[in-house]
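Worksheet for the structure shown next.
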Amino acid sequence: MSSTNETVVRFINITKDFTQGKNVSRALNHVSFEVNKGDICGLIGFSGAGKSTLLRMVNELETPTEGDVEVLGHSLKNTKGKKLRDIRKRIGMIFQEFNLLESKTVFDNVAIALKLNGESKDYIQQRVTTLLEFVGLSDKKDSYPYELSGGQKQRVGIARALATKPEILLCDEATSALDPDTTESILNLLSKINKELQVTILFVTHTIRVVQKICNKVAILEHGNLVEFGNVIDIFSNPQSTIAKKFVGAVIPNVIPKGIKDELLKYDGKYKLIRIFFHAQNATDDVIWQINNRLNVHTNVMFASVSELQDVVLSVITLQITGTEDDFKKVYDYISSRQIEFEEISL
Ligand SMILES: Nc1ncnc2c1ncn2[C@@H]1O[C@H](COP(=O)(O)OP(=O)(O)OP(=O)(O)O)[C@@H](O)[C@H]1O
Ligand SMILES: [Mg+2]
C-alpha cells in the first residue's frame with residue numbers, strides 16, 4: 001500500500017522519565033513525528049535509545065510523562081475505558097522473542113484474540129485457516145511452538161497479531177533473532193501485509209538494512225532524542241546528523257576509499273569532487289555523457305554504489321570534474337537543471 005496523507009499515529013512532544021528510587025532517567029525527550037496510513041516507518045537507534053519505549057506508547061503499554069500520542073484520530077491521554085480498548089483492538093504487535101504460548105498449538109495461538117472477543121467457532125476456524133495460509137503455515141496448524149523454527153514462530157506471531165484485522169502493526173525487533181535468509185522472508189511477509197491488507201507498520205530495529213529493505217519513512221533516535229525523521233530516500237540521499245551518516249554509511253559508502261584518496265592527493269590539476277544522487281535506475285543514463293560531450297568537461301567516476309530501497313533504486317556516484325571555475329559552474333548548472341541532487345565534497 002502506498003503512503004497517504006492521513007495520519008494514523010502522531011507522537012506529540014513525548015517525554016518519558018523513569019523513576020527508580022531517587023533517580024530519574026529520561027528515556028525520551030520531546031519527541032514529535034507522525035506516521036501516515038500506508039507507511040512502513042522504521043524506528044532506528046542504538047540500544048537504550050528509547051525505541052521500544054516509544055513504540056509501546058502506541059498501544060498504551062507505556063504512557064508518556066509529558067506529551068500525547070494520537071492513534072487513529074484519538075488522543076490516548078483523553079481516551080479511557082471501552083473506547084480505549086476499541087482503539088487497542090485496531091493495533092497488533094509482534095515481538096523479537098515471539099511470545100507464543102508453548103502449551104498451545106499453532107492454531108490455538110493464532111485463535112487467542114478471536115476467542116477472547118467471543119467469536120463463533122465457525123468464524124475462528126475459517127479466520128485462522130485463512131491467516132495460516134497467508135503466512136505460509138497451513139501444514140503446521142497442529143504443531144507446538146517447540147516444533148517450529150524461529151522464522152516459523154515469527155510467522156505464527158504475525159498471524160496471531162493479524163487475527164483481529166488490525167490497521168496498525170507494531171514490530172519490536174521482529175527479525176533480530178533470525179538468520180539473514182529468514183529475516184528476508186519475514187520482511188517480505190510484512191511488506192505483503194502492508195500492501196495487500198493495507199496495514200500501517202511501525203518497525204523498531206537497529207539494523208539499517210531492514211529500514212533500507214521495507215521502510216518508506218524512518219525516525220532516528222539517539223539517547224531519547226529524535227535526531228532525524230523523514231522519507232527513507234531523502235535521509236539515505238542526504239543524511240544530516242552524525243548518527244544518520246553512520247547508519248546510512250553502512251549501506252551506502254560515503255567515505256572515499258583510501259586507495260582513491262591517495263591517488264587524488266597525488267593529482268595536481270584543478271578539479272572538484274561531487275557526489276550525485278540518482279533516484280531511479282534510468283536517471284543515470286545520459287547525465288555523465290552530456291557533461292563529457294555536450295559541455296565538453298572532463299569527468300572521471302571515482303566510485304559508485306547502487307542500493308535498492310523499498311520502491312526506488314538509489315545510485316550514488318562520486319565524480320571527479322577536471323577544468324576551470326567556468327567548467328565547474330556549467331556542470332553544476334546543468335545538473336541542477338536536470339533536478340538531480342548533488343553535493344560538492346572534499347577529501
Ligand atoms: N521500565 C523501565 N524502568 C526503568 N528504565 C527503563 C524502563 N524501560 C526502559 N528504561 C530505560 O529507558 C531507556 C530506553 O529504553 P528502551 O528499551 O526504550 O531502549 P531501546 O532503544 O528499545 O533499546 P534496545 O535496542 O536495547 O531494545 C533505557 O535507558 C532503559 O534502561
Ligand atoms: Mg528495545
Side-chain angles (χ1 to χ4, degrees), residues 9-35 39-69 71 76-77 88 91-100 150 153-154 157-158 161 168-180 182-183 186-187 190 200-215 217-230 232 235 239 241-251:
V9 177
R10 192 190 302 276
F11 296 105
I12 308 167
N13 202 19
I14 300 288
T15 291
K16 178 71 181 182
D17 292 329
F18 284 110
T19 312
Q20 281 169 321
K22 281 190 185 151
N23 293 333
V24 179
S25 69
R26 180 152 293 192
L28 291 166
N29 188 33
H30 301 288
V31 171
S32 301
F33 67 96
E34 62 293 313
V35 181
D39 281 345
I40 303 187
C41 179
L43 311 184
I44 190 168
F46 298 121
S47 194
K51 308 179 294 291
S52 299
T53 307
L54 189 65
L55 187 78
R56 290 157 57 85
M57 284 181 184
V58 179
N59 58 356
E60 277 233 312
L61 292 175
E62 212 60 89
T63 48
T65 308
E66 213 188 302
D68 194 6
V69 189
V71 178
L76 293 187
K77 199 159 72 180
R88 287 176 70 165
I91 305 170
M93 187 162 187
I94 56 173
F95 308 87
Q96 176 174 1
E97 58 288 355
F98 320 122
N99 292 6
L100 303 180
K153 283 185 201 172
Q154 194 55 290
I158 291 171
I168 301 171
L169 185 62
L170 309 177
C171 310
D172 197 349
E173 304 278 5
T175 56
S176 302
L178 306 174
D179 64 56
T182 315
T183 293
I186 295 293
L187 293 178
L190 291 171
T200 304
I201 299 179
L202 274 74
F203 197 107
V204 163
T205 181
H206 36 242
T207 316
I208 193 73
R209 287 196 187 279
V210 169
V211 175
Q212 176 186 11
K213 172 130 178 78
I214 60 163
C215 299
K217 295 267 176 70
V218 61
I220 305 178
L221 289 169
E222 189 178 33
H223 307 307
N225 294 299
L226 180 73
V227 285
E228 231 160 300
F229 169 72
V232 167
I235 290 178
S241 57
T242 312
I243 183 174
K245 285 181 181 157
K246 198 164 179 175
F247 276 124
V248 172
V251 282

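First listed ligand is number 1; within each ligand, the first listed atom is number 1.
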Is there a donor-acceptor pair closer than 3.5 Å between any side-chain N or O of [X] and the backbone N or O of [Y]?
X	Y	answer
Ser241	Val227	no
Thr15	His30	yes
Thr207	Arg209	no

*Any side-chain heavy-atom pair from Ile220 and Ile235 closer than 4.5 angstrom?*
yes
*Quick one: are Leu28 and Pro64 in side-chain contact, heavy atoms under 4.5 Å?*
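No, side chains not in contact.
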_Environment of the Mg ion (ligand 2) in terms of protein N/O/S atoms, cut-off under 2.8 Å_ = Ser52 OG
For residues 42-54, dump all side-chain donor-acceptor pairs below 3.5 Å to protein atoms at least two apart in sequence or in another chain.
| residue | atom | partner | partner atom | Å |
| --- | --- | --- | --- | --- |
| Lys51 | NZ | Gly45 | O | 3.0 |
| Lys51 | NZ | Phe46 | O | 3.0 |
| Ser52 | OG | Asp172 | OD1 | 3.3 |
| Ser52 | OG | Asp172 | OD2 | 2.8 |

*Would you please name every residue forming a ring pair (Phe, Tyr, Trp, His ring centres under 6.0 Å) with Phe98, sequence neighbours left out?*
none
*Measure the spacing between CZ of Phe18 and CG of Asn23 and express it to the nearest 0.5 Å.*
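Answer for the CZ-CG pair, Phe18 versus Asn23, is 14.0 Å.
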*Got the residues with a heavy atom under 4.0 Å of ligand 1, by chain and number?*
Phe18, Gln20, Ala27, Phe46, Ser47, Gly48, Ala49, Gly50, Lys51, Ser52, Thr53, Glu173, His206
*Taking all heavy atoms of Gly157 and all of Ile94, pick out the closest pair and write down the distance.*
O-CG2, 3.4 Å
